[in-house]
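So the structure is just underneath, and the comments pick up after that.
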Amino acid sequence: MRKFFRYLFSIILFLSSLGVYFTNRLMYMKKKEDEFILEREKGAGRLDLIKYESLPKREVLVPSPFGYNLKAVAVEPHEINRYIIISHGVTENKMNSIKYMNLFLERGFNAVIYDHRRHGESGGKTTSYGHYEKFDLKAIVDWLKAEKGPGIQVGIHGESMGAATMLLYAGILEDGADFYIADCPFSDFKEQLAYRLKAEMKLPPKLFLPVADLFLRMREKYSIADVSPISVIENIKKPILFIHSEKDDFILPTMSEALYEKKKGPKKLYLAVNGIHAQSFNENKEDYKKVIDEFLEEYVYKNKELFTQ
């Protein structure tokens, strides 16, 4: 009997260690340094600091429903009530959003870029891959609409985790934007984790994911199964442009294809020829811009008048 309890204790200790290890990896995923992101974007020619600093803008702190502040920057060079909100990916910050912001500024939009919880200058202690972030995105949308009034037209562009966050916001909380652009989202977090476990660590997901999920429920009060854009995509009625690189081996392009297939109503899919994960714009600039223009022309400009303040 003593031997049985020793074995039982060893198994419990082993599973507990695994649970803590995997949830730590998720909750506290190592972020890129802010200075690294800044220098990378400058070096690649995607960020001109002099040009950025010259833009009319204001920094704001938007309260999260979870008790911390979200750092946002409203960039407003145009006398128009048309805005794009940029939702960045995991490990990044709002400086990574500037390249997308510039694309929309050129098309007559104003923009809001912001840091997700636990990223950049925002508060928050853990990352939840869209589960809690979707409520923060709603806080940003609510703040902007309260600032600008009922005549505002709003689009949201999300990259990677930011795209998944956007789809969860629109599919669960409210279909609150006029259009969405989902660049390389995962369709289901459980499926994504299973794929990464096999690819990176050669571990069987069926053994390890239930343990990770149990500890995530205990520590963060949500389940991996709660983070599933594809399970709510049918709730989104507004137009969505899905973008993914064909060569993305981190989040497979089949995930965007599956989301596209299940989405009802207005939609468009662009699979970029060049680039790996989150590189569709960087490696296919002209095609990316062309697809954005076609999407805006078909689903945004024709369906709503140009609002002026």
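On a predicted model such as this, the values are computed, not experimentally measured, just so you know.
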inquiry  = Please verify the inter-ring angle class for Phe104 with Phe109; under 30° counts as parallel, over 60° as perpendicular, anything in between as tilted.
reply    = perpendicular
ask   = So Glu35 and Leu38, side chain to side chain contact (heavy atoms under 4.5 Å, CB included) or not? Walk me through it.
value = CA-CA 5 Å; Glu35 188 63 27; Leu38 184 67; 4.1 Å; yes
query = Has the side chain of Arg118 got a donor or acceptor atom that lies under 3.5 Å from a matching backbone atom of Met29?
reply = yes
query = Taking C-beta and beyond as the side chain, do Asn102 and Lys99 meet within less than 4.5 Å on heavy atoms?
reply = no
key: Minimum-distance pair of heavy atoms, taken over all atoms of Val90 and Lys32   = O-NZ, 4.5 Å
key: All side chain to side chain donor-acceptor pair (under 3.5 Å) counterparts of Arg40, not counting sequence neighbours   = Glu92, Asn96
key: Exam field: side chain Asn110 to backbone His78, donor-acceptor pair closer than 3.5 Å   = yes
message = Counting C-beta onward and ignoring hydrogens, is there a side-chain heavy-atom pair between Leu61 and Leu70 closer than 4.5 Å?
response = no
Audit row: Asn282, Gln279, side chain to side chain contact (heavy atoms under 4.5 Å, CB included) steps and yes/no = CA-CA 5 Å; Asn282 297 340; Gln279 296 298 309; 2.9 Å; yes
Side-chain touch Leu105/Pro77, heavy atoms, less than 4.5 angstrom = yes
query = Any side-chain heavy atom of Pro239 sitting closer than 4.5 Å to one from Tyr180?
reply = no
ask   = Is there a path from Ile172 to Phe66 through hydrophobic residues (I, L, V, M, F, W, Y) whose side chains come within less than 4.5 Å of each other?
value = yes
message = Show me the pairs that pass side-chain hydrogen bond (donor to acceptor under 3.5 Å, both in side chains) and involve residues 261-275, at least two apart or across chains.
response = Asn274-Asn284
inquiry  = Filter on side-chain hydrogen bond (donor to acceptor under 3.5 Å, both in side chains), then keep only pairs touching residues 238-256, sequence neighbours left out; what's left?
reply    = His244-Asp248, His244-Ser256, Ser245-Ser280, Asp248-His277
query = What is the minimum heavy-atom distance between Ser128 and Tyr222, and which atoms define it?
reply = CA-OH, 3.3 Å
message = Does the structure place the NZ or CZ of Lys30 under 6.0 Å from the centre of the six-membered ring of Tyr28, at an angle of no more than 45° from the ring's axis?
response = no
task = Show your reasoning for whether ring pair (Phe, Tyr, Trp, His ring centres under 6.0 Å) applies to Phe215 and Phe22.
result = CA-CA 9 Å; Phe215 276 78; Phe22 280 119; over 10 Å; no
ask   = So does Lys290 have more than 12 non-hydrogen atoms from other groups sitting under 6.0 Å from NZ?
value = no
inquiry  = Working to the nearest 0.5 angstrom, can you tell me the gap between Asp34 CG and Lys94 NZ?
reply    = 7.5 Å
query = How are the rings of His116 and His119 set to each other: parallel, tilted or perpendicular (split at 30° and 60°)?
reply = perpendicular
ask   = Linking I/L/V/M/F/W/Y whenever any side-chain heavy atoms sit under 4.5 Å apart, do Tyr260 and Leu252 land together?
value = no
query = Would you say the side-chain atoms of Gln192 pair up with the backbone N or O of Phe189, donor to acceptor, closer than 3.5 Å?
reply = no
ask   = Between Val62 and Asn69, is any pair of side-chain heavy atoms under 4.5 Å apart?
value = no
query = Rounded to the nearest 0.5 Å, how far does OH of Tyr129 lie from CG of Leu168?
reply = 14.0 Å
query = Arg107: what forms a side chain to side chain donor-acceptor pair (under 3.5 Å) with it, not counting sequence neighbours?
reply = Asp293
request  = Decide yes or no on side chain to side chain contact (heavy atoms under 4.5 Å, CB included) for Tyr100 and Glu159, but give the supporting numbers first.
outcome  = CA-CA 10 Å; Tyr100 301 120; Glu159 178 189 89; 2.5 Å; yes
ask   = Distance from Ile98 atom CD1 to Leu47 atom CG, nearest 0.5 Å?
value = 4.5 Å
inquiry  = Any heavy-atom pair between the side chains of Leu216 and Ser223 that's under 4.5 Å?
reply    = no
message = What I'd like to find out is whether the side chain of Ile240 reaches to under 4.5 Å of the side chain of Ile181, using heavy atoms alone.
response = no
Heavy-atom neighbours of Ile276 CD1 exceed 12 at 6.0 Å = no
query = Please, which pairs that meet side-chain hydrogen bond (donor to acceptor under 3.5 Å, both in side chains) have at least one residue in residues 163-173, sequence neighbours excluded?
reply = Tyr169-Glu174
remark   = Sequence neighbours excluded, the answer for side chain to side chain contact (heavy atoms under 4.5 Å, CB included) partners of Asp48 is Ile50, Lys51
ask   = Arg117 and Thr126: side-chain hydrogen bond (donor to acceptor under 3.5 Å, both in side chains), yes or no, with the steps?
value = CA-CA 7 Å; Arg117 59 187 270 144; Thr126 61; 2.9 Å; yes
ask   = Can you name the nearest heavy-atom pair linking Gly120 to Asn93, along with the distance?
value = CA-CB, 4.0 Å
note = Value for CD1 (Ile86) from CE (Met166), rounded to nearest 0.5 Å, stands at 10.5 Å
key: Least distance between heavy atoms, Ile251 atom then Ser160 atom   = CD1-OG, 3.8 Å
key: Interatomic spacing from CD1 in Ile230 to OG in Ser187 - rounded to 0.5 Å   = 4.5 Å
ask   = Does Ile156 reach the side chain of Ile84, with side-chain heavy atoms less than 4.5 Å apart?
value = no
request  = For Leu167 and Val232, work out which heavy atoms get closest and say how close.
outcome  = O-CG2, 4.1 Å
inquiry  = For the backbone of Gln153 and the side chain of Asp178, can you confirm whether one donor and one acceptor N or O come within less than 3.5 Å of each other?
reply    = no
task = Measure from the side-chain N and O atoms of Asp175 to the backbone N and O of Lys237, and report whether any donor-acceptor pair falls under 3.5 Å.
result = yes
ask   = Are the charged groups of Lys125 and Glu220 less than 4.0 angstrom apart, N to O?
value = no
key: Hydrophobic cluster membership, Val273 vs Phe242, 4.5 Å side-chain cutoff   = no
request  = Measure from the side-chain N and O atoms of Ser228 to the backbone N and O of Ala225, and report whether any donor-acceptor pair falls under 3.5 Å.
outcome  = no
Glu53 backbone acceptor or donor facing Lys57 side chain under 3.5 Å = yes
Spacing of Lys148 atom NZ and Asn81 atom CG [to the nearest 0.5 Å] = 6.5 Å
query = Going through the distances and angles, do Glu121 and Tyr114 end up as a side chain to side chain contact (heavy atoms under 4.5 Å, CB included)?
reply = CA-CA 9 Å; Glu121 299 177 273; Tyr114 76 102; over 6 Å; no
note = Ser64 and Asp136 have their tightest heavy-atom pair at OG-OD1, 2.6 Å
Carboxylate-amine/guanidinium proximity below 4.0 Å for Glu59 and Lys71 = yes
message = Tell me whether the rings of His157 and Tyr288 are parallel (<30°), tilted (30 to 60°) or perpendicular (>60°).
response = tilted
inquiry  = When you measure from the side chain of Ser122 to the backbone of Asp115, do you find a donor-acceptor pair of N or O atoms at a distance under 3.5 Å?
reply    = yes
query = Phe250 and Tyr195: same hydrophobic cluster, using ILVMFWY side-chain contacts below 4.5 Å?
reply = no
